[in-house]
Amino acid sequence: MAQAQKITPRAKDFSEWYGDVIMQAQLADYSPVRGCMVIRPHGYAIWELMQRALDDLIKATGHKNAYFPLFIPMSFLAKEAEHVEGFAKEVAVVTHTRLRATGKQGKDAIAVDPTSALEEPLVVRPTSETIIYAMFAKWIQSYRDLPLLLNQWANVVRWELRTRLFLRTTEFLWQEGHTAHADEAGAEREARTILQSVYRKFAEEWMAMPVITGVKTESEKFAGALRTYAIEALMQDNKALQAGTSHNLGQNFAKAFTVQYQTAAGGLEYVWNTSWGVTTRLIGGLIMTHSDDNGLVAPPKLAPVQVAIVPIWKTDDERNQLLVVGNQIKADLEKAGLRVEFDVRENMKPGAKYFEWEALGVPVRLEIGPRDLAAGQAVLARRTGGKGPVPLQDLTAAVTKALDEIQAGLWNAARERREKNSTRGVTKTQFIELMQLASGGGFAYGGFCGNPSCEAEIKEQTGATVRVLPDPEFRSKEAPRNCMWCGAPSIAEAVWAQAY
């Protein structure tokens, strides 16, 4: 690891702290292309673990992976009016196919060849509904072809003006699922299944990040969707993070691309579609949910290295003995399915190694020196705090137990923090005060009239948006009677927050 940099405390500047943690843990770096990032090996290893878990969950619900082109004919976006309006300001467009040498020097040495203009410009994929449903129209003929359940792992480009590593970049990685169903009930069931059985399950069981689930308001839903559902998490600065969305698209895209099927009775019907996705912003969520002023804290299930073994020696004889024992410990832990590194670097002192593994977020560190060897023990240090000796003969069980306890501890701490920073039954005055707090307002629960102008006024004056109209398990015991902002009759309880 490069020379350590000092991490800005969270209380001093949360944004600076976030960037410092990413740099210290070597998760990502800024690219020469403005707004884009380079995901470094340690960061990409976290993404691979996320991919693996999510891919298993997605396939367990009956979906298969496919891949669709990066380039989309511009005319495809124009077929669904709400969709094109939602993405018009974010798309990158390819208009020519080659460059030519100009004979000049420097940046003017090459230019676009004007003779290579495309007959139709191509949009660089901001999302794939249009091109996928154009293919669905070819593949779906009968009710026997339904449901069609596909997912793809891909990159997308959305031309962002204000970017932040992992949270919002011009290019990012994601999975996007796309499905077709015979009726609305099938599409609705699909959208809810993905929300609960895939996204929420992954966020809570792998990321140890508690989320609330619910439906988005009309102004916050996905462009072209009938309904959008989301999982929302609360970060340590009390801002919300939309961590995943699942959309019931209705028949809008089916009608735009003539995706029809012959019913059992012989008639023709339009299919019902869904789409859903999570992105590399999940890594940002992991960082902001768990990490501390010493650097990254990674939940054991998603830590690229779960255990770092650090031997301590002074003489060659001690070194040789520790190498034998350390390699055996590593083999035993790996046999138990753990991801382990045995740090035998000779150009670093043990203290520097401790600091490095801590900054990388490794959940468990095992220290072992000559005295430990003589006592038949190793010292187990937890990234989340706590350190003590463990007998070598019980080491695998002790490490496994520690990892399970760390995973559960991170979940409990994050959930307690969310509940502590959730305010129910807010009044307008209380809401304004909450959103003016330097520490962030957290989740504010209150009545909502459903009026888009009221929603827009709240956003303009406080910077807060409706994150979701929460599902029943997250609602307050008593349903609000009036909108907390305008006093009109409430149609639903809403969860407001300032958000990333």
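With Phe443 as the aromatic partner, Arg467 does not meet the cation-pi criteria of under 6.0 angstrom to the ring centre and within 45 degrees of the ring axis.
Shown are Glu473, Arg200, Gln196, Arg192; of these, the side-chain hydrogen bond (donor to acceptor under 3.5 Å, both in side chains) with Thr213 is made only by Gln196. For the salt bridge (Lys or Arg N to Asp or Glu O under 4.0 Å) with Glu232, the qualifying choice from Arg418, Lys216, Lys239 is Lys216, the only one to do so.
Here the two rings, on His83 and Phe253, have centers that are under 6.0 Å apart.
The heavy-atom pair separating Asn294 from Glu358 by the smallest distance is CB-OE1, 3.6 Å.
Using modelled atom types and a 3.5 Å distance limit, the side chains of Ser275 and His178 yield no donor-acceptor pair. A donor and an acceptor atom, one from each side chain of Asp20 and Thr8, are located under 3.5 Å apart. Side-chain polar atoms of Glu493 and Ser476 form a donor-acceptor pair below 3.5 angstrom.
In this structure, the side chains of Leu167 and Tyr18 come closer than 4.5 Å at one or more pairs of heavy atoms.
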Open item on the list: As a quick check of understanding, evaluate side chain to side chain donor-acceptor pair (under 3.5 Å) for Glu455 and Thr217, giving each step before the final call.
Closed with: CA-CA 9 Å; Glu455 189 177 1; Thr217 61; 2.7 Å; yes

- [ ] Kindly determine whether Tyr199 and Phe202 satisfy ring pair (Phe, Tyr, Trp, His ring centres under 6.0 Å), including the steps that lead there.
- [x] CA-CA 5 Å; Tyr199 293 162; Phe202 173 76; 8.7 Å; no

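Relative ring orientation between Phe68 and Trp139 is described as tilted, the plane-to-plane angle lying within the 30° to 60° band.
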